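Here the structure is laid out as structure tokens; the discussion comes afterwards.
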There are 2 protein chains.
Amino acid sequence: MTPVTAAERSDAARNRERLLLAARELIEQGGAAALTMDRLAEHAGVGKGTVFRRFGSRAGLMLTLLDDSEAAFQARFLFGPPPLGPGGTPLDRLIAFGAERIAYVVEYGDLVLEAGNASRGRFEVPAVALWNQDVEMLLRAGGVESREPGLLAGSLTAALDPERLLHLIRDHGVTRERLAASWCELVTRVAGGA
Amino acid sequence: MTPVTAAERSDAARNRERLLLAARELIEQGGAAALTMDRLAEHAGVGKGTVFRRFGSRAGLMLTLLDDSEAAFQARFLFGPPPLGPGGTPLDRLIAFGAERIAYVVEYGDLVLEAGNASRGRFEVPAVALWNQDVEMLLRAGGVESREPGLLAGSLTAALDPERLLHLIRDHGVTRERLAASWCELVTRVAGGA
DNA sequence: AGAGTAAACGGACCGCAGTCCGTTTATATT
DNA sequence: AATATAAACGGACTGCGGTCCGTTTACTCT
């Protein structure tokens with residue numbers, strides 16, 4: 001039988017694994033800044049062209065590196081326990097959503113930052129579109145009526161922009177707790193709470 | 001008498017003018033993308049080192065290019081006629097603020113975008129700090145009480161992020177009017193409106 | 001097994017932002 | 001006018017992300 005999606009060639013698969021392994025090693029040693037595409041190629045024992053064919057760009061690589069944890073986040077939102085998962089009130093889920101995003105951004109720091117430098121800008125990152133949908137869905141479920149629910153959701157998720165969060169945390173000493181509280185205040189107000 | 005701030009040397013002043021003129025010419029011809037630091041140096045008839053000593057970085061140059069229009073915006077906010085200037089209700093001013101920012105971003109497009117790539121990130125841009133203060137002041141004047149007014153104001157201005165606005169306009173065909181309406185809805189809700 | 005093919009490979013190459021440092025020049029001082 | 005000096009100058013240089021294209025290699029078909 002002929003597979004609709006051509007199977008990946010074995011050498012390609014092997015090299016992809018090598019590259020991801022090498023990338024994690026380099027980052028573990030010297031942070032995201034220590035990961036240059038040349039160094040990665042050398043460390044993984046492949047040519048530079050291979051790196052770019054595999055991931056398209058530096059940002060694409062970062063995105064791939066974050067793929068697992070992003071999927072895990074989405075899974076917790078869709079199937080996990082409250083308050084983030086289904087079960088709680090929409091407003092509680094919204095509040096939890098922000099708190100979890102903040103924690104996520106803190107944990108992965110520079111990786112998230114650099115993943116945002118994609119060719120079309122950081123709003124093309126697939127995960128961003130997902131968050132927007134999540135927030136929009138929660139707003140609707142929470143009874144928030146708007147003529148532009150997508151834009152309203154986007155306005156809210158903009159407050160969770162990784163660059164903004166990390167800037168506040170690193171350069172202004174704002175704690176995660178204060179950010180979470182501010183997010184809570186924002187969504188509560190928008191949802192029409194007291 | 002000895003000036004506290006050493007006067008700028010005449011050749012330096014002359015070169016600064018030349019560079020700004022050359023930069024505007026290059027941008028007029030081929031957009032911001034056509035402005036490379038090498039080309040600018042050549043077009044202005046100075047060495048590359050001079051360009052960087054003057055503006056620090058590409059983003060710094062863009063910032064300088066935007067300086068006048070940013071100052072004009074701030075002046076209209078501080079001294080201009082309502083609805084943006086003092087005189088109207090805080091909520092009306094807030095709404096006008098968003099509409100004007102959207103128009104501004106549309107007008108200067110790529111320039112604003114590239115000015116955001118500063119070393120410390122786009123939240124170090126001086127104008128951004130100003131907007132935050134403006135919004136914070138209007139929120140306070142509008143009777144919005146918050147334990148973290150600065151963070152709340154920042155959450156709102158995040159919705160006016162140039163990259164977000166331009167992405168929506170250029171890649172999703174969202175009109176200025178819809179963006180302005182969405183901003184209006186956001187601030188009205190946050191200000192506790194119906 | 002052998003031939004054919006599409007895909008993967010690798011590394012020289014490009015243009016860019018940004019740095020460095022030996023040289024030149026405007027200005028203040030006498 | 002001559003001198004001193006701090007500042008400005010210029011362009012070669014570095015390291016980076018990203019591209020290109022001739023070569024090699026894994027799979028398929030007979």
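This is a predicted model, so every value here is computed, not measured. Labels below follow one simple rule: chain letters A, B, ... track the order of the sequence lines, proteins then strands, and each chain is numbered from 1.
Here D:dC16 presents its P atom at 6 Å from CZ of A:R39, a figure rounded to the nearest Å. Here D:dA12 presents its C1' atom at 17 Å from CE of B:M37, a figure rounded to the nearest Å. Taking atom CD of residue A:E8 and atom P of nucleotide D:dT25, one finds them 18 Å apart after rounding to whole Å. Rounded to whole Å, atom P of C:dA8 lies 14 Å from atom CG of A:L19. Between the CD atom of B:E17 and the P atom of D:dA8 there is a distance of 15 Å, rounded to whole Å. Per the geometry, CD belonging to B:E114 stands 11 Å off P belonging to C:dG18, to the nearest Å. Residue B:N117 contributes atom CG, which lies 15 Å from atom P of D:dG17 at whole-angstrom precision. Rounded to whole Å, the distance from CZ on B:R14 to P on C:dT25 is 11 Å.
Side-chain atoms of B:R9 come within donor-acceptor range of the base of D:dA7, with a qualifying N/O pair under 3.5 Å. B:K48 contributes a side-chain N or O that forms a donor-acceptor pair with the base of C:dA17 under 3.5 Å.
Between A:N15 and C:dA8 there is no side-chain N or O to OP1 or OP2 distance below 4.0 Å.
Counting only heavy atoms from C-beta on, B:T36 has its side chain closest to C:dC16 among C:dC16, D:dT25, D:dG17. Across D:dC9, C:dA17, D:dA26, the shortest atom-to-atom separation from the side chain of B:D11 is found for D:dC9.
Applying the ring-ring contact (aromatic ring centres under 6.0 Å, His included) rule to A:F52 yields no partners; only residues at least two apart in sequence or on another chain are considered. The side-chain contact (heavy atoms from CB on, under 4.5 Å) check on A:E25 picks up A:L21, A:H43, with sequence neighbours excluded.
Using a 4.0 Å cut-off between a side-chain N of Lys or Arg and a carboxylate O of Asp or Glu, A:R189 and A:E185 qualify as a salt bridge. Electrostatic pairing of B:E70 and B:R101 counts as a salt bridge here, judged by a charged N lying under 4.0 Å from a carboxylate O. Under the 4.0 Å criterion applied to side-chain N and carboxylate O atoms, A:D161 and B:R122 are assigned as salt-bridge partners. Salt-bridge check for A:E136 with A:R140: passed, with a basic side-chain N closer than 4.0 Å to an acidic carboxylate O.
When ring centroids are compared, A:F73 and A:F97 come within the 6.0 Å threshold.
Against DNA chain C, the stretch residues 50-67 of chain B makes heavy-atom approaches under 4.0 Å through B:F52, B:S57, B:R58.
Both A:G45 and B:G49 lie close to DNA chain C; mapped to their nearest nucleotides by heavy-atom distance, the more 5′-ward contact belongs to A:G45.
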